[in-house]
Amino acid sequence: LWLILGIRRRLPGEPPVENGWIPYMGCALQFGANPLEFLRSRQKKYGHIFTCKIAGSYVHFLCDPFSYHAVIRQGRHLDWKKFHFAASVKAFGHESMDPSHGYTTENLHQTFLKTLQGEALPSLIENMMENLQTVMLQSNMLKSSSSEWEVDGIFAFCYKVMFESGYLTLFGKELDGDKTIACQQAQKALVINALENFKEFDKIFPALVAGLPIHVFKSGHSARENLAKTMLHENLSKRTKISDLISLRMQLNDSLSTFNELSKARTHVAILWASQANTLPATFWTLFYLIRCPAALKAATEEVKNMFERSNQKVDPKDPKLVLTREQLDNLPVLDSIIKEAMRLSSASLNVRVAKGDFLLHLDNMESYRIRKDDVIALYPQMLHFDPEIYEDPLTYKYDRFLDEKGQEKTCFYRGGRRLRYFYMPFGSGVTKCPGRFFAVHEIKQFLSLVLAYFEMELLDSEVKVPPLDQSRAGLGILQPTYDVDFKYRLKTQ
Ligand code: HEM
């Protein structure tokens, strides 16, 4: 009967197991409704590790941060590729990027490291800074008289500014985009369209990762295909100032893969999504909490002002040419703490590995557990981020939480008197850690430096409550707010 119902019985040495009530789905609905609450209640009942059936898979949740290392260290028993490559195929519809499936020999991981980190960063930073200023100060963002306030949603504002700037930084501009007004308008229309399509597709993303076929979602499906059309190589090759990431990926798609043109384009849609889907809500939360907290706003404004003054730069919206080097961006501890605190409060990523075979998982407390082949092991770092033993008053925003007594980056966090190695994980962990994390933090710092330098900003309602996190995306990264919050901004009188 157990076998017929697809129910697992706990064998000696295995973690406690919960099969849930619904065949196949198991605990999926309860987990999906509020993962943090679900996991906390099971942790209370079962301890550091337990197994839940979720949509046909058996998932071992590991809740002891001192044991995270056992999963994050890339042991020979755990596979990270299977899950990630499969999720990308399901969501974006390209052929498999896993070299063992035979469609490409590209080592995607290497491509990302080479084009998003180290020597690749200065040109990404330079282009992003230029694009941010162009977008932020263009006429449709500001009232004609500079003393008049413009009102917008913080979410809407962040999406407009960051999406366009990030899009142009990675995918470049139309070759003759700057020449005539008509060309500029066509370029603008392309980006606005891309943002609309991105939002439409992003809505159905959780359902696609959960395994639903894209054909069920008419508008989400056509949004993805519209994005792909703009990213056909014949269209991308008409653009200038394309990032190293996209130009290398185009070259490798053409030389190492057997993908057809549409499949190649869909791999670029995957990168657009990865580069924006977390950055946009992260920017929202950072700006929202910042404007809402006078002490944070004061400290950040001072830090930014000092930095531009030290490098002898004049803030002039009529001649917007502020620059920030990588070294300067890495030396903004207040902004760094402000971004970390906003992401601590809004991140809900799930770190997943798959067991390659039966093996014994050794935990920090010397206990070992038997894991079966194809079982999933998952870490849910939101449990760390909201742990009152690690972060006092975890639901309260404290902009300086990640600063030490000297005002520099704080790196020592403790639980039960023991120093933690893992305490902040919005970018994932180990080999699957986000390869774009340095660029992501740089671009948010650039955005903040510029809005603080150019604009005065105020909430329309200074007592506004923090909007709840939209749990429908839990597991996928930074959660969105369930509704937008209005603010007003105008150019500062210099
Ligand atoms: C993967 C977070 C911004 C590129 C990931 C993952 C997370 C993440 C959690 C998955 C890690 C895992 O599966 O364990 C974030 C956050 C961002 C951000 C919180 C912003 C605040 C960016 C940006 C880029 C980028 C700006 C690129 C320009 C990627 C890529 C992957 C990835 C390409 C897939 C890596 C692979 O599968 O090998 N990111 N990310 N991310 N991210 Fe980011």
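Remember, it's 1-based here, ligands and their atoms both numbered in the order they're listed.
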Per-residue contact class, Lys433 against ligand 1 - non-hydrogen pairs under 4.0 Å: neither
Protein heavy atom at shortest distance from atom 27 (C) of ligand 1: Ser275 CB, 3.7 Å
Ring centre gap for Tyr68 and Phe423 strictly below 6.0 Å: no
Atoms of ligand 1 close to Ile478 [distance to a heavy atom under 4.0 angstrom, numbered from 1]: 19 (C)
Nearest-neighbour protein heavy atom for atom 9 (C) of ligand 1, which is reported as residue plus atom name and distance: Pro426 O, 3.5 Å
Nearest non-hydrogen protein atom, atom 26 (C) of ligand 1: Glu443 OE2, 3.3 Å
4.0 Å heavy-atom contact, Met343 with ligand 1: yes
Numbered atoms and elements of ligand 1 in range of Ala440, under 4.0 angstrom, heavy atoms: 3 (C), 20 (C), 26 (C)
Glu119/Lys114 ion pair, N-O < 4.0 Å: no
Enumerated ligand 1 atoms positioned under 4.0 Å from heavy atoms of Ala282: 21 (C)
Glu341 bridged to Arg344 by N-O distance under 4.0 Å: yes
Nearest protein heavy atom with distance in Å, relative to atom 40 (N) of ligand 1: Cys434 SG, 3.1 Å
Pairing of Glu225 and Arg266 as salt bridge, 4.0 angstrom limit: yes
Nearest non-hydrogen protein atom, atom 22 (C) of ligand 1: Ala274 O, 3.6 Å
Ion pair Arg401/Glu392, N-O distance below 4.0 Å: no
Carboxylate-amine/guanidinium contact Asp254 Lys264, below 4.0 Å: yes
Among Pro435, Gly436, Gly477, closest by any non-hydrogen atom to atom 32 (C) of ligand 1: Pro435
Short side-chain donor-acceptor distance under 3.5 Å, His442 and Asp330: yes
For atom 37 (O) of ligand 1, the protein heavy atom that lies nearest, with its residue and separation: His84 CD2, 4.5 Å
Distance-only N or O hit between ligand 1 and Thr432, under 3.5 Å: yes
Structural part of Leu108 in contact with ligand 1, heavy atom criterion under 4.0 angstrom: neither
Charged N-O contact under 4.0 Å between Glu130 and Lys241: yes
Lys NZ or Arg CZ of Lys82 over Phe85 ring: under 6.0 Å, within 45°: no
Heavy atom of Ile271, distance to ligand 1 below 4.0 Å: no
Option of least heavy-atom distance to atom 38 (O) of ligand 1 (set: Phe85, Phe112, Phe83): Phe112
Glu106 with Arg249: basic N within carboxylate O range, under 4.0 Å: yes
